[in-house]
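Chain letters run A, B, ... following the sequence lines, proteins first and then strands; every chain starts at 1.
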Amino acid sequence: MKLKKFGERIPQSLFFLIALSALSALALITIFIFIEGVPLIAKVGFFNFIFGMKWAPSLGQYGIFPMIVGTVLVTVGAVIIGVPIALCCSIFLAEFAPRQLSMLVRPAIQLLAGIPSVVYGFWGLIFIVPAIRNYLGGPGLSILAGSIILAIMILPTVISISEVSILALPPLLKEGAFALGATHWQTIRSVLLPAAKSGILASIILGIGRAVGETMAVIMVLGNAVALPSSILDPARTLTTNIGIEMGYASGEHQQALFATGIVLLVIIMILNASAQYAIRRK
Amino acid sequence: MRTGFVLGDNIRTGLSNYKIKLQTENACLYYGKFQALRNITLRIPERSITAIIGPSGCGKSSFLRIFNRMNDLITGARVEGKVELDGQLIYEAHFDIVELRKKVGMVFQKPNPFPMSIYDNIAFGPKQHNRYTKSELDKIVESSLKQAALWDEVKDKLGQSALGLSGGQQQRLCIARVLAVEPEVILMDEPCSALDPAATLRIEDLMRTLAELYTIVIVTHNMQQAARVSDTAAFFMMASDRAGELVEYGSTSQIFTNPRDKRTEDYITGCFG
Ligand SMILES: Nc1ncnc2c1ncn2[C@@H]1O[C@H](COP(=O)(O)OP(=O)(O)O)[C@@H](O)[C@H]1O
Ligand SMILES: [Mg+2]
C-alpha cells in the first residue's frame with residue numbers, strides 16, 4: 001500500500017519539477033531583463049525614456065517614443081488589414097465550407113503559421129516593397145509593407161481561435177435561431193458572432209501580441225529609420241526591430257538600453273495576454 | 001391546476017369537428033441510408049394539442065422536425081411522401097422556408113435562450129422579419145411575455161441576460177420568443193424534460209391556454225403529461241429495422257383507456273405500471 005503510494009508520488013513530483021523548471025526559466029529571463037534594463041531607465045528617467053524623441057546611443061540619448069509609435073502603427077495596420085480577412089475566413093470555415101474543403105483549408109492555414117518569419121520578410125522585400133514603391137511612392141520600405149506582412153502572419157492565430165470559438169457554441173443556439181425563421185446569415189450575425197465574441201476578441205488580442213512581438217520579417221521590410229513617421233509610406237522602427245538591429249554591436253549602457261526596450265515589450269505583451277485571458281473568461 | 005390522471009376534457013374531442021392543420025401522407029424520413037420513419041400518415045387538427053408518444057429512439061423528434069423542415073440542417077437527411085400545412089405541400093421546391101418557420105415555431109428539449117437580454121431574445125424573431133419601431137417592439141415583447149405567463153416575473157429586468165433565469169422561466173421565454181413571430185403551429189420537443197415538476201405544471205397550464213389559439217404538437221415521454229394535456233395522441237414504435245412507425249392515432253381518451261392495438265396497450269400499461 002505504502003509502496004504504491006510512493007510509486008504514485010514519483011511521477012507526480014517529477015512533473016511538478018519539470019513544470020517548475022519551465023516557470024523558473026521564465027522568471028530568470030524576466031529578472032535578468034529587469035536587472036539589466038531598470039538602471040538605465042532610472043538613469044535616463046522613465047518619462048524621458050518612454051516619451052523621448054531621440055535615440056542616439058553614441059550621444060547617450062535613449063528615447064524610444066518613435067519606436068513605440070512605429071510598433072503601434074504597424075500593429076494597427078496589421079489588424080485593420082488582417083482581422084477582417086481572418087474573421088471572414090473563420091466564419092466561412094465554421095459555417096459555410098463543406099467538410100472536405102475545410103479539411104483542406106484548415107491545415108493550409110496552419111502551414112502559414114509554420115513558415116519561418118525570415119521567409120515572410122524576404123517575400124515582402126521582393127514583392128511588397130517594390131510594389132508599394134512603384135504604385136504608391138515613397139521608399140517602399142514602410143509601415144504599410146510591415147503591416148501587410150504582419151497581417152498575413154497573424155491570420156493563423158486569429159482564424160483558428162475564432163473558428164474554434166464559433167464551433168464551440170452549442171448547436172441548439174443555431175437551431176433556435178433557424179427555427180424562428182432566421183436565415184443562415186442572420187443567425188451568424190445576430191446570434192453566433194455575438195455569442196462567440198469573447199473568443200473572437202481573444203483571438204484578435206493574441207494576434208496583436210504576435211504582431212507586436214514579430215521581429216525578423218519586420219526588420220526586412222520596415223526600413224528601420226529612427227524617426228517619427230509622417231505617413232504609412234514612411235519607414236519606421238518598432239521596439240523589437242530596435243533590439244534586433246542593434247544587439248550585435250551594443251555594449252555597456254547601449255546594451256542596457258536595449259534591455260530596457262525589452263522591458264517595455266514584455267509589459268505590453270503581458271498586458272495583451274492578460275486581456276486575452278480576461279476576454280476568454282468573461283462569458 | 002390539473003394534476004393526476006385527468007381525461008375529462010379530452011373526451012369532447014371528436015377529431016372530425018376540427019379543421020386539419022398539419023397532415024402527412026406516407027411520410028418517410030431518411031438519415032443517409034438509415035430510414036428513421038416509415039409511411040407515417042397522420043392528420044393533426046387545428047387549435048388542439050396533439051401528443052406524440054412512444055419509446056425513445058422511435059423517431060418522435062425526427063417526426064416533429066419534419067413540420068418546420070429542421071431536418072434540412074442535417075446533411076444526408078431526406079423526406080419522402082407528402083407533408084402539408086393548410087393543404088400546402090411544404091417540401092415543394094418553391095415553398096418559402098422562412099415563411100414556414102414563422103408559421104411553425106419550435107420549442108426545444110433544453111431551454112435555449114440566446115445569450116442576450118430577455119428583451120432581445122423576444123425581439124430577435126420579429127426583427128429578422130420586419131422593421132419595427134422601438135415602441136412596436138416593446139408591445140410585441142410585452143404581449144408575448146404575457147401570453148407565455150412570464151411577464152410579471154421579468155417585467156422589471158427585461159435588460160438582464162436571459163441566461164440568469166431559472167430553467168422553467170427560460171423555457172417560457174423560449175415559448176414567448178416563438179409567440180413573438182405570430183406562429184400558427186407550435187412544435188414542442190419534450191419541453192419539460194429538463195424541468196422540475198412545478199415548472200412542468202406551469203408549462204402544461206400554459207399549453208392548455210395556448211391551444212385555444214394555436215395548434216400544438218408535443219413530443220413527450222411522460223405518459224401522465226400526454227394524458228393531462230393532449231386532445232389527440234399518436235403512438236410511435238420502432239419496427240424491426242429500427243425505422244419508426246405510427247402504431248395508433250386517436251383521441252387521447254381513446255388511446256389511453258381503450259387502445260385498439262396490443263402494442264399501444266402494452267406500452268401504456270408498462271408506463272403506468
Ligand atoms: N442527425 C441524425 N443523424 C442520423 N441519425 C439520427 C439523427 N437524429 C436521429 N437519428 C436516429 O433516428 C432515430 C430516431 O431518433 P429521434 O427522432 O431522436 O427519436 P426520439 O425522439 O423518438 O427519441 C434514432 O435511431 C436516431 O439514432
Ligand atoms: Mg427525441
Indicate whether the side chain of B:Glu136 and that of B:Thr133 have a donor and an acceptor atom separated by less than 3.5 Å. yes

Chain A heavy atoms under 4.5 Å from B:Lys110: which part of the residue, side chain, backbone, both or neither? both

Please state whether the side chain, the backbone, both or neither of B:Val107 comes within less than 4.5 Å of a heavy atom of chain A. neither

Side chains of B:Glu190 and B:Thr220: any donor to acceptor distance under 3.5 Å? no

Under the 3.5 angstrom rule, does the side chain of B:Arg69 hit a backbone N or O of B:Ile90 as a donor-acceptor pair? yes

Scan side-chain atoms only and decide if B:Ser117 and B:Gln160 contain a donor-acceptor pair under the 3.5 Å cut-off. no

What part of B:Phe108 lies closer than 4.5 angstrom to a heavy atom of chain A: side chain, backbone, both or neither? side chain

Answer with yes or no whether the side chains of B:Tyr214 and B:Glu182 bring together a donor and an acceptor at under 3.5 Å. no

Any idea which of B:Lys102, B:Met116, B:Arg177, B:Met106 has the most non-hydrogen atom pairs under 4.5 angstrom with chain A? B:Arg177

Proximity breakdown for B:Pro113 and chain A, heavy-atom pairs closer than 4.5 Å: backbone

